[in-house]
Amino acid sequence: PERHVPDVGGCGWRTRAGHLLKNQSFYPQTSKQNLWDNPTFAGVNTWKEYHGPKMRADAEIMDRLDRFDQDLDEWEAKKAFVNTTRVETLDRFYNRKLNRTQLATSASWAPNRKARREVHNYYNTFDSAMDEKPQKELKKVFTDKVLSSDRDAIRSIAKRVQNEETWKQVFKHMEQERRQDLRADLQQRQAHTDRLMMLSGQPVKQHLPPGAPHRSLTNSSVRTEELAAPRPPPSVKDVCSGSDFRGLIHADNPHALEALFPGAGHELSAEFRARATASTRPGFPAPPPAETPRCAKKKGGREASLRQTTSVSKFSIPASPPRVEKVCARHDDEKHKEHAMEQFLPTVAPPPPDQSKGWLNEDFSPTSTLNNPAKMPTKFTQFGPKSPSPKEFVPPPTRPYAYAVLSPTSQDSKMHETNGLGSTMSLRSLRESASAPMLSGGLASQSIGFEAETSKRAGRSQQALTRSVCDELDAFEGRISQSAMPPVSNFFSTPRGSRAQRDADRRYETKRPQP
């Protein structure tokens with residue numbers, strides 16, 4: 001307990017009789033303060049136990065410093081939240097801008113996959129929903145025994161189709177042989193008729209020798225004869241596209257096989273269907289049945305080599321490097337490239353990856369950041385199933401509903417070279433001209449933090465054209481300045497006369513005689 005009382009800020013001055021003096025310390029000027037917080041109105045025991053130690057420890061200054069630190073932490077949390085949200089918004093905006101540019105110039109694009117039951121209620125069945133299932137659920141349905149039985153069913157149907165095609169070919173050959181027999185019989189009758197005409201002394205018409213191909217005497221061109229020839233029967237590209245193969249896994253669910261065997265499922269289905277198609281060729285003896293393909297599963301799938309040999313086309317965002325370095329997290333395209341799926345078909349989106357391999361969306365709101373200071377600028381995007389240990393009053397990270405896809409860029413698109421400005425013209429050709437003095441010097445320094453640099457691969461024809469236009473403007477301005485005519489101010493209205501011309505017109509009006 002505090003034993004000594006100071007003169008200022010203590011219990012207050014008293015008379016020798018013990019009465020409290022009502023001076024300026026007796027009447028506090030602070031509003032909304034309880035009387036027990038004022039040491040003037042405190043007794044001896046209260047001073048010893050509360051007000052004395054509080055004053056000696058300088059508790060007011062300590063409380064003020066604590067509030068200052070708390071306000072500073074709240075301000076830093078708010079600033080980090082605003083910077084992170086702004087950078088994420090700019091990344092998302094410029095990514096969509098690049099996607100729209102590619103969609104405008106690409107020959108084909110892959111829309112988002114939708115469930116077939118959304119198209120018609122006919123597909124609202126268990127079999128039609130296999131393409132929507134993740135790998136964990138497909139392993140429970142598409143077992144090795146089920147896939148082996150499915151391939152055996154395709155082989156059995158392909159064998160029946162091959163038998164039908166063989167009989168079709170036999171019937172076709174029989175028709176051709178019958179036609180040849182009819183033509184030979186007609187030629188034999190014609191030869192008998194010619195022999196009778198020759199014995200009777202009549203002139204005999206010349207005919208083709210026996211066995212020679214018949215050819216009609218026409219004046220048509222070779223191209224006309226090619227067009228008049230019968231069309232050959234179409235070859236079957238994929239026998240599994242027939243109605244007999246509906247409901248089979250390798251025929252109807254290549255997307256599910258790709259999700260079940262990442263990097264090899266689509267090739268497994270395509271290769272087996274190609275072999276099944278080859279086994280249906282007509283002939284005797286019949287071709288061997290389709291064998292089960294053995295796709296070597298590469299480590300990392302087909303995306304592993306693509307990530308090493310390709311680069312991501314992206315736009316730079318208008319944000320300064322110091323501000324980007326202070327963000328809590330950033331969904332950068334280079335980071336998503338390591339976990340993206342390859343679009344191996346031109347018009348079909350690849351199956352989504354496992355949810356445990358997707359990125360985590362952390363909550364960087366000021367309240368969440370203050371409760372978990374470890375979230376402050378980390379400069380990384382978290383992937384995988386692991387997340388920071390949950391704490392009280394801190395929401396867990398969430399999984400996104402979309403996933404990244406690696407797709408080839410359009411060859412006709414050059415927008416990525418100029419950050420989406422729509423022009424590949426170099427600024428060097430403009431700075432070298434006298435018609436654009438504002439562009440000379442320091443233009444690139446105005447875009448601090450804006451990483452967009454104009455392409456240095458602009459064609460020489462564009463530079464020459466720009467330079468010729470600027471030189472022509474310079475020559476025009478030089479002729480205007482050297483001539484005695486007034487400067488041209490408006491090309492769309494009648495030129496205004498000079499003051500000397502107006503004075504001459506006024507004198508002419510004065511001297512002209514009145515009628």
State whether the side chain of [X] and the backbone N or O of [Y] hold a donor-acceptor pair below 3.5 Å, judged by distance alone.
{"X": "E362", "Y": "F364", "value": "no"}
{"X": "S407", "Y": "Q343", "value": "no"}
{"X": "S279", "Y": "P288", "value": "no"}
{"X": "N83", "Y": "K79", "value": "yes"}
{"X": "E258", "Y": "G263", "value": "yes"}
{"X": "T280", "Y": "T277", "value": "yes"}
{"X": "T101", "Y": "K97", "value": "yes"}

Is the shortest distance from a Lys or Arg side-chain nitrogen in E74 or K78 to a carboxylate oxygen in the other one below 4.0 Å? no
Residues that [X] engages under side chain to side chain donor-acceptor pair (under 3.5 Å), provided they are two or more places apart:
{"X": "T166", "answer": "Q162"}
{"X": "T224", "answer": "S221"}
{"X": "R178", "answer": "none"}
{"X": "N99", "answer": "N95"}

Hey, what do you get for [atom1] ([X]) to [atom2] ([Y]), rounding to the nearest 0.5 Å?
{"X": "R151", "Y": "I154", "atom1": "CZ", "atom2": "CD1", "result": "9.0 Å"}
{"X": "S368", "Y": "F81", "atom1": "OG", "atom2": "CZ", "result": "10.5 Å"}
{"X": "L248", "Y": "L147", "atom1": "CG", "atom2": "CG", "result": "11.5 Å"}

Tell me, please, which residues at least two apart from D185 pass salt bridge (Lys or Arg N to Asp or Glu O under 4.0 Å).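 With sequence neighbours excluded, D185 shows a salt bridge (Lys or Arg N to Asp or Glu O under 4.0 Å) to R189, given in chain and number order.
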In chain order, what residues pass the salt bridge (Lys or Arg N to Asp or Glu O under 4.0 Å) check against K139, with sequence neighbours excluded?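 K139 satisfies salt bridge (Lys or Arg N to Asp or Glu O under 4.0 Å) with no other residue.
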side-chain hydrogen bond (donor to acceptor under 3.5 Å, both in side chains) between R155 and T292, worked out: CA-CA 10 Å; R155 294 189 186 101; T292 303; 2.8 Å; yes
Restricting to side chain to side chain contact (heavy atoms under 4.5 Å, CB included), what partner residues turn up for E175, sequence neighbours left out?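 E175 satisfies side chain to side chain contact (heavy atoms under 4.5 Å, CB included) with K172 once adjacent residues are dropped.
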Keeping to residues at least two apart or across chains, list the salt bridge (Lys or Arg N to Asp or Glu O under 4.0 Å) pairs with something in [range].
{"range": "residues 117-129", "answer": "R117-E132"}
{"range": "residues 231-249", "answer": "R160-D244, D238-R273, R246-D252"}
{"range": "residues 99-115", "answer": "R113-D131"}

So which heavy atom on A349 is nearest to which on P111, and how close?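 So the minimum-distance heavy-atom pair works out to CB-O, 3.7 Å.
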So, using ring pair (Phe, Tyr, Trp, His ring centres under 6.0 Å) as the criterion, who are the partners of Y123 when residues are at least two apart?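 In terms of ring pair (Phe, Tyr, Trp, His ring centres under 6.0 Å), with neighbours along the sequence ignored, Y123 is linked to no residue.
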Going by ring pair (Phe, Tyr, Trp, His ring centres under 6.0 Å), name the residues that satisfy it together with W167, two or more places apart in sequence or in a different chain.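 Here the qualifying residues are F171.
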Taking the inter-plane angle between the rings of H266 and F344 on a 0 to 90° scale, is it parallel (under 30°), tilted (30 to 60°) or perpendicular (over 60°)? tilted
Check whether any side-chain heavy atom of Q180 sits under 4.5 Å from a side-chain heavy atom of R183, and report yes or no. no
